[in-house]
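Here's the structure, in structure tokens; my notes come after.
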Number of protein chains: 2
Amino acid sequence: MRPEELPEIRHLHLFRDMGQANFESLMASSYAQNFPQGLEMIRQGDPADFLHIVLEGSVELFAQWSNRECTMAVVRPVATFILAACIRDAPYLMSARTLERTRIILVPASDLRAMFRRDSEFAVSVINELAASYRSVVRNAKTLKLRNSRERVASYLLRQSLLAGGAASYILPVEKRLLASYLGMTPENLSRTLRTLESDGVKLDGPRVIITNREKLTALAQPDRLIDGPDDIADASGSALPKIS
Amino acid sequence: MRPEELPEIRHLHLFRDMGQANFESLMASSYAQNFPQGLEMIRQGDPADFLHIVLEGSVELFAQWSNRECTMAVVRPVATFILAACIRDAPYLMSARTLERTRIILVPASDLRAMFRRDSEFAVSVINELAASYRSVVRNAKTLKLRNSRERVASYLLRQSLLAGGAASYILPVEKRLLASYLGMTPENLSRTLRTLESDGVKLDGPRVIITNREKLTALAQPDRLIDGPDDIADASGSALPKIS
DNA sequence: TCTTGGATTTGATTTATATCAATCGCTGGA
DNA sequence: TCCAGCGATTGATATAAATCAAATCCAAGA
């Protein structure tokens with residue numbers, strides 16, 4: 001691990017409040033690894049041996065069942081993922097693959113579990129992280145069950161605009177086929193939906209999103225703080241898709 | 001609160017490992033309340049002031065958006081709900097209403113937050129509870145995105161059979177319209193689906209489920225440990241019926 | 001016992017979405 | 001530069017699911 005990377009990790013909410021010696025101890029047993037693009041580094045069902053921290057690149061979390069698969073989330077630097085599995089000492093519920101060349105820190109799950117018993121500040125951080133993650137998935141489930149695909153697309157585009165500082169134009173952070181899977185629809189359906197949304201205030205030019213009529217788009221998406229955030233505590237780690245640990 | 005209720009609460013994983021004095025202190029600031037059937041005792045968006053513990057009856061957690069609503073979960077004794085919102089000191093993401101006359105213990109969220117900073121055993125229990133909850137919602141999201149409604153119904157029926165000790169016949173624990181909403185479909189669609197499932201090994205007689213061909217039903221449902229459980233750590237909160245094999 | 005309201009079922013139809021197939025367009029490598 | 005391959009789009013069609021409407025069933029209360 002490079003020395004300049006430690007502060008980046010230390011800055012995460014999860015590690016921010018723990019004792020310095022404990023943080024160093026945890027990092028001492030961790031190690032970095034670089035993965036090429038498209039590598040499946042976690043397979044669902046495998047035992048959760050390491051907490052993963054993305055330092056560079058990006059990672060897709062996806063789930064599989066009966067020859068089908070779907071994207072659950074995309075994790076971007078600097079953020080952790082699969083915390084819950086590590087804590088439960090249980091099999092991963094999701095697989096993970098790199099979307100590009102990606103640098104990851106691997107923190108042994110056993111050390112992690114020992115640490116939050118030793119460092120009560122860290123325990124509080126873990127509690128907060130898990131509670132936030134839980135709420136994030138609940139929001140996700142709500143959008144899946146309460147909105148149809150058109151509404152999900154509209155609210156996604158609007159939310160991304162807000163993440164881009166309310167910009168009227170921005171670049172989609174992920175490929176459309178991945179976005180389609182994340183939103184629970186087929187690429188064809190997403191493509192068609194995007195076209196029909198042109199009459200509702202948003203236009204696509206390749207990967208570029210141009211919001212032409214924010215009021216109209218908002219009326220369709222009906223953004224809701226209890227689904228789309230912003231979440232209670234400011235997170236703003238600039239991830240393209242909701243963060244999942 | 002009745003004295004005989006304390007041991008029931010104490011027995012929950014969440015409270016099992018904390019110091020006795022701390023448990024008593026937490027309970028001292030809590031109080032019981034009885035709600036009639038059909039009462040909406042939590043409205044989504046309200047500040048999370050109390051952790052709720054169901055002692056008797058049952059509670060539906062549901063979400064609303066744009067004049068639509070859907071059932072997210074049903075909580076039965078003895079269990080807690082909306083822990084994450086209390087911890088984040090954030091608005092509830094879900095509403096709650098009683099499905100029958102229900103007795104609830106209300107634990108002030110502020111006491112809860114103070115307590116896991118004071119009692120590190122309790123902190124560990126909260127961590128485990130949240131991690132388990134998180135994984136439970138992820139499973140739910142997976143079934144929504146990976147299975148169609150027919151498959152969701154089939155796997156639900158099979159899962160309930162296992163919860164009933166593998167019984168070939170059992171009574172649905174909830175009304176069908178609520179089940180439909182939980183499974184993300186309309187009551188009409190559920191009704192029709194149940195009928196067509198008769199050719200796949202399961203028959204409905206009112207609220208009674210009769211599994212006529214477990215192999216066939218299993219082939220359709222394709223139960224998966226990473227979606228349907230059983231979860232990692234043995235929970236066994238009730239329904240641990242002796243298995244005859 | 002009779003009544004009534006809600007739950008459930010059934011039927012007809014519409015709408016949403018997936019699937020299959022083909023084309024287009026871009027990008028990276030030979 | 002040209003080509004191969006993949007993502008994106010478009011069109012045609014099939015399937016899944018929702019909606020609308022009505023009938024039936026059933027349990028709680030008068």
Side-chain angles (χ1 to χ4, degrees), chain A residues 36-38 60 65-71 74 97 99-101 143-154 156-157 171-200 202-209 220, chain B residues 36-38 60 65-71 74 97-101 143-157 171-200 202-209 220:
Chain A
Q37 182 187 51
E60 175 191 6
W65 179 80
S66 178
N67 282 358
R68 292 171 221 170
E69 78 167 55
C70 70
T71 303
V74 172
R97 71 165 74 95
L99 291 174
E100 54 197 308
R101 192 193 160 284
T143 209
L144 282 172
K145 292 185 81 169
L146 289 168
R147 299 207 256 231
N148 61 30
S149 63
R150 184 181 175 75
E151 291 160 344
R152 291 200 295 277
V153 173
Y156 174 85
L157 295 178
I171 303 290
L172 281 181
V174 292
E175 284 184 350
K176 286 180 186 172
R177 65 186 183 86
L178 192 150
L179 177 59
S181 178
Y182 173 70
L183 294 174
M185 56 203 293
T186 59
E188 296 96 323
N189 192 16
L190 173 61
S191 182
R192 274 185 260 267
T193 300
L194 288 173
R195 184 146 306 272
T196 70
L197 281 178
E198 286 185 10
S199 59
D200 284 278
V202 62
K203 211 170 100 40
L204 268 283
D205 179 20
R208 173 163 293 278
V209 180
L220 173 62
Chain B
Q37 182 188 51
E60 175 191 5
W65 180 79
S66 177
N67 283 357
R68 292 171 220 170
E69 79 169 53
C70 70
T71 303
V74 172
R97 70 165 75 93
T98 53
L99 292 174
E100 54 197 306
R101 190 192 161 283
T143 210
L144 282 172
K145 291 185 82 170
L146 290 168
R147 298 207 256 231
N148 61 30
S149 64
R150 184 181 175 75
E151 291 159 343
R152 291 200 297 276
V153 173
S155 55
Y156 175 86
L157 295 178
I171 303 290
L172 282 180
V174 292
E175 284 184 350
K176 287 179 186 173
R177 66 185 183 85
L178 192 150
L179 177 58
S181 178
Y182 173 69
L183 294 174
M185 56 202 294
T186 59
E188 296 96 323
N189 192 15
L190 173 61
S191 182
R192 273 185 261 268
T193 300
L194 289 174
R195 183 146 306 272
T196 69
L197 281 178
E198 286 185 10
S199 59
D200 284 279
V202 61
K203 211 170 99 39
L204 267 284
D205 178 20
R208 174 163 292 280
V209 181
L220 173 61

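On a predicted model such as this, the values are computed, not experimentally measured, just so you know. Sequence lines set the chain letters: A, B, ... in the order given, protein chains first and strands last, and positions in each chain run from 1. Both backbone and side-chain heavy atoms feed into the values below; hydrogens, waters and symmetry mates do not.
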Worksheet, complete the sentence: Counting primed atoms, P, OP1 and OP2 as sugar-phosphate and everything else as base, the B/S/- map of nucleotides 11-29 of chain C against protein heavy atoms under 4.0 Å is BB----SSBB---------
Worksheet entry | Separation of C/dA7 C1' from B/Gln37 CD (nearest whole Å) | 13 Å
Discussion item. Counting only side-chain heavy atoms from C-beta out, which of D/dA8, C/dT9, D/dT9 sits nearest to B/Ser191?
Written reply: C/dT9
Discussion item. In this structure, how many angstroms lie between the P atom of D/dA18 and the CZ atom of B/Arg177, rounded?
Written reply: 16 Å
Worksheet entry | Donor-acceptor contact present, side-chain B/Arg147 to main-chain B/Arg152, <3.5 Å | no
Discussion item. To the nearest 0.5 Å, what is the distance between CZ on A/Arg68 and NZ on B/Lys145?
Written reply: 14.0 Å
Worksheet item: Only one of A/Asp200, A/Asn189, A/Thr193 clears side chain to side chain donor-acceptor pair (under 3.5 Å) with A/Arg150; which?
Response: A/Asp200
Fill in: Atom-to-atom span, CG of A/Leu204 to C1' of D/dA8 - whole angstrom
11 Å
Worksheet entry | B/Asp205 CG to C/dT8 C1', straight-line distance once rounded to whole Å | 13 Å
Worksheet entry | Rounded interatomic separation in angstrom, taking CG from B/Leu183 and P from D/dA16 | 17 Å
Practice prompt. For side chain to side chain contact (heavy atoms under 4.5 Å, CB included), just list the numbers for A/Leu190 and A/Tyr182, CA-CA rounded to whole Å, side-chain angles, deciding distance to a tenth of an Å, and then say yes or no.
Written response: CA-CA 11 Å; A/Leu190 173 61; A/Tyr182 173 70; over 6 Å; no
Discussion item. Could you tell me how far apart B/Leu197 (CG) and D/dA16 (P) are, to the nearest whole angstrom?
Written reply: 13 Å
Fill in: Set of salt bridge (charged side-chain N to carboxylate O under 4.0 Å, His left out) partners for A/Glu175, sequence neighbours left out
A/Arg177
Practice prompt. Using whole Å, report how far CG of A/Leu194 lies from P of D/dG7.
Written response: 17 Å
Worksheet item: Along nucleotides 22-29 of chain D, 5' to 3', which nucleotides get a B, which get an S, and which get a -, given that the test is a protein heavy-atom distance under 4.0 Å?
Response: --------
Worksheet, complete the sentence: Heavy-atom closest pair (A/Cys70 atom, A/Ser181 atom, distance to 0.1 Å) is CA-OG, 3.2 Å
Worksheet item: Can you list the residues that meet the side chain to side chain contact (heavy atoms under 4.5 Å, CB included) rule with B/Leu99, with sequence neighbours excluded?
Response: B/Ser58, B/Glu60, B/Val74, B/Leu178
Worksheet entry | Rounded distance in Å - CG (A/Leu172) to C1' (D/dA8) | 12 Å
Worksheet entry | Non-neighbouring partners of A/Arg208 that pass salt bridge (charged side-chain N to carboxylate O under 4.0 Å, His left out), sequence neighbours left out | none
Worksheet entry | Out of C/dA7, D/dG7, D/dT9, whichever nucleotide has its closest atom nearest the side chain of A/Lys176 | D/dT9
Discussion item. For a quick test of reading the model, state the closest non-hydrogen atom pair linking A/Ser199 to A/Thr196 and the distance between them.
Written reply: OG-O, 2.9 Å
Discussion item. Please evaluate residues B/Val209 and B/Ile171 with respect to the criterion side chain to side chain contact (heavy atoms under 4.5 Å, CB included), reporting the C-alpha separation (whole Å), side-chain torsions for both, the decisive distance (0.1 Å), and the verdict.
Written reply: CA-CA 6 Å; B/Val209 181; B/Ile171 303 290; over 6 Å; no
Practice prompt. Rounding to 10 degrees, work out the angle separating the end axes of the helix from C/dT1-D/dA30 to C/dA30-D/dT1 (five pairs an end).
Written response: 30°
Discussion item. If I compare all heavy atoms of A/Leu144 with all of A/Leu183, which pair ends up nearest, and what's the gap?
Written reply: CD2-O, 4.3 Å
